[in-house]
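One structure is given here, and the rest of the page talks about it.
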Amino acid sequence: MLSRIQIAARKCFVPFILSWVACLSWAPLSYSAAQSDNNYISVGTAQTKKAVIAFPEIRTPDAVTVLLGKSIADIVQKDLQFMGVFNFLDPSAFIESPAKSGIAPDTFKLNEWAAIGTEFLLKTGLSQGPDKTLAFETHVYDIVGLKEIFSKRYVAPVSDLKNLAHNFANDVVQSLTGAPGIFLTKIAMSCDKSRKKEIYMMNYDGTDVKQVTHHRSIAFGPAWNPDGTRLAYSLITRHTDNNKNIDLYEFNFINNTVRLLSDKIGINSGAAYAPDGLKIALTLSYLGNPEIFSLDTSTRKITRLTKSYGFDVDPSWSPNGQSFAFVSSRTGRPMVFSAKSDGSQVQRLTFAGRYNASPTWSPRNNKIGFAGWLDKSFDIFIMNPDGTTIERLTKNQGNNEDPFFSPDGNFILFSSNRTGQKNIYLMNVDGTFVKRLTYGLGNCVAPKWSNPLVSKTAEK
């Protein structure tokens, strides 16, 4: 493991793991529908019954470690409750004697937990070394099946206790649902708190808000690259001829720098990184008509993907990068279309409504979300990737726009003016579990969720 000095020397700064987790070996986690074949719990839809989890007090050797254990337990419980599929058993119902039981298999009786209605059991222990390093031993059990699901040992400095807890919560979600945990992810958006529009980011639950850009202009349309180290966005600037232009920039969190990606005359906006991170789909209008292009992130070479008499905007890649959805007015009113990654095989997906915008592709590859104008307001809809089975998720609560799927496919971010100002909200993929995430940031729009990461900090 890298030392704290080595980490500081590398000036490691990754937006959603600002510590040891980022500086160790990690990679973006992809989600596959095949992972869900042996799930214990189905998430993303309304739950008729929540899974019952027992989480006994973390075993610790001394009073100081007890306080650290309580902090870890609070974070883990808060994370798991956010998913909306777990109920935690009240400790007053526990009948096991802590003094006579352990946390490893064969050191306690699983049937004692079954007797009080437990479905899943989290058994954990925490110790602290002389160098202020925490060792967190964890065991997760399926009480109904009377077996251990997984065990891991996490090691981290005391200063990174929060990330240790989030990592464990992520692993619990992964093991029980088959989908990646979202507790170390970030959300980027454009807000006008400063009376100018700047890019901000926050944790998955709306906490720890940070301002990313300071251009004192209009920065909008953020887009995360796959590993979360860079964030593209558009900015209204002035070129040397003093004419205003919409240019595309990229913020690098590793070295805290900004670079220009595209400044062609006109529009350079609507960025969407391909899943491999090697190219960006965006809208350019330097030829006169707004069209979708592909931009090589290394060479900045562009390739035209669409050609029509209308405008083509809002590209969104499919999870495998073989297709993209976009909005086009080529048939009259703006509707959602799809095409292969090279721009071929264009297919119209929506046919109803006055204006459809901002398509977003689920990482599960089973749905496309979009905003549609209907009944004198914008609302959020989802449909199959071929345009069939359209479902309306919001209604009669102001304008609801800018949908974007969570990296596990269970939630949808969106902006809404239902309380007056535009704020960022989150809801389940069936329209339930609506939660407001932004407060006091002015009008916030265009939320984008970063990918989850797999950290190799745990000792299995």
In terms of ring plane angle, is the pair F253 and W224 parallel, tilted or perpendicular, where the classes change at 30° and 60°? parallel
Can you confirm whether E250 sits close enough to Y273 that some side-chain heavy atom of one is under 4.5 Å from a side-chain heavy atom of the other? yes
Does K50 pair with E119 as a salt bridge, N-O distance under 4.0 Å? no
Please determine, by modelled atom types, if E291 and T306 share a side-chain donor-acceptor pair under 3.5 angstrom. yes
Salt bridge (Lys or Arg N to Asp or Glu O under 4.0 Å) between K307 and D312, worked out: CA-CA 8 Å; K307 186 175 183 180; D312 296 333; over 6 Å; no
N428 side-chain N/O to D430 backbone N/O, donor-acceptor pair under 3.5 Å: no
Any chance the side chains of N423 and T438 put a donor and an acceptor closer than 3.5 Å? yes
For side chain to side chain contact (heavy atoms under 4.5 Å, CB included), just list the numbers for K367 and E391, CA-CA rounded to whole Å, side-chain angles, deciding distance to a tenth of an Å, and then say yes or no. CA-CA 10 Å; K367 295 292 179 182; E391 302 173 64; 3.6 Å; yes
N399 versus S377, side-chain donor and acceptor atoms under 3.5 Å: no
Name the orientation class of the two ring planes belonging to F414 and Y425 (parallel below 30°, tilted from 30 to 60°, perpendicular beyond 60°). parallel
When the ring planes of F381 and F370 are compared, do they come out parallel, tilted or perpendicular, using 30° and 60° as the limits? parallel
If we ignore hydrogens and angles and just use 3.5 Å, is the side chain of N225 paired with the main-chain N or O of G228 as donor and acceptor? yes
Compare all side-chain heavy atoms of K196 with those of S217 and state whether any distance is below 4.5 angstrom. no
Step through it carefully: locate the ring centre of Y233, locate the ring centre of H215, and say whether they are under 6.0 Å apart. yes
May I ask you to test the I199-F251 pair for a side-chain heavy-atom distance under 4.5 Å? no
At their closest point, which heavy atom of I368 faces which heavy atom of P359, and how far apart are they? CG2-CB, 4.1 Å
Would you call I218 and E198 a side-chain contact if the rule is heavy atoms closer than 4.5 Å? no
Heavy-atom donor-acceptor pair, S175 side chain to D171 backbone, under 3.5 Å: yes
Looking only at the side chains, is there a donor atom on one of D263 and H239 sitting less than 3.5 Å from an acceptor on the other? no
Nearest heavy-atom neighbours spanning T394 and D379: OG1-OD1, 2.6 Å
Classify the ring geometry between F55 and F168 as parallel (under 30°), tilted (30 to 60°) or perpendicular (over 60°). tilted
Distance alone, cut at 3.5 Å: any donor-acceptor contact between the side chains of S341 and Q322? no
Donor-acceptor pair, K448 side chain versus P222 backbone, under 3.5 Å? yes
Taking atom CE of M335 and atom CZ of R348, what is their separation to the nearest 0.5 Å? 5.5 Å
Nearest 0.5 Å please: distance from the CG atom of L260 over to the CG atom of D247. 5.5 Å
In N245, T240, D241, the residue satisfying side chain to side chain donor-acceptor pair (under 3.5 Å) with N243 is D241
ring-ring contact (aromatic ring centres under 6.0 Å, His included) with F324: which of F293, W361, W317? W317
Within 45° of the axis and under 6.0 Å from the centre of the six-membered ring of F337, does NZ or CZ of R330 qualify? yes
Whether D314 side chain and S358 backbone form a donor-acceptor pair below 3.5 Å: yes
Applying side chain to side chain contact (heavy atoms under 4.5 Å, CB included) to I72 and L164, what does each step give before you reach the verdict? CA-CA 8 Å; I72 291 173; L164 181 151; 3.9 Å; yes
With rounding to the nearest 0.5 angstrom, report the CG to OG distance, N268 to S234. 7.0 Å
Run the side chain to side chain contact (heavy atoms under 4.5 Å, CB included) test on D408 and R364 for me, step by step, so that the C-alpha distance in whole Å, both residues' side-chain angles and the decisive distance to 0.1 Å come before the verdict. CA-CA 8 Å; D408 60 1; R364 297 185 181 187; 5.6 Å; no
Would you check if V434 and L426 make a side-chain contact, meaning some heavy-atom pair closer than 4.5 Å? no
When you look at N400 and R418, which way does the side chain to side chain contact (heavy atoms under 4.5 Å, CB included) test go after all the steps? CA-CA 8 Å; N400 303 280; R418 60 185 60 190; 2.7 Å; yes
Closest heavy-atom pair, V327 versus P334, reported as atoms and distance to 0.1 Å, is CG1-CB, 3.9 Å
Would you please say whether a donor-acceptor pair under 3.5 Å links the side chains of N366 and S362? yes
Exam field: side chain D402 to backbone A446, donor-acceptor pair closer than 3.5 Å: yes
Would you confirm whether T283, through its side chain, and I292, through its main-chain N or O, come within 3.5 Å as a donor-acceptor pair? no
Check the pair W449, F404 against ring-ring contact (aromatic ring centres under 6.0 Å, His included), reporting the backbone distance first and the verdict last. CA-CA 7 Å; W449 215 317; F404 195 83; 8.2 Å; no
Exam field: side chain T389 to backbone N384, donor-acceptor pair closer than 3.5 Å: no
Do E57 and K70 meet the salt-bridge criterion of a basic N to acidic O distance under 4.0 Å? no
Is the backbone N or O of A54 less than 3.5 Å from a side-chain atom of T118, with the two atoms forming a donor-acceptor pair by type? no
Check against salt bridge (Lys or Arg N to Asp or Glu O under 4.0 Å), D74 and K162: CA-CA 10 Å; D74 288 344; K162 289 184 179 180; over 6 Å; no
Flag the pair F183 / Y204 as yes when their ring centroid distance falls below 6.0 Å, and as no otherwise. yes
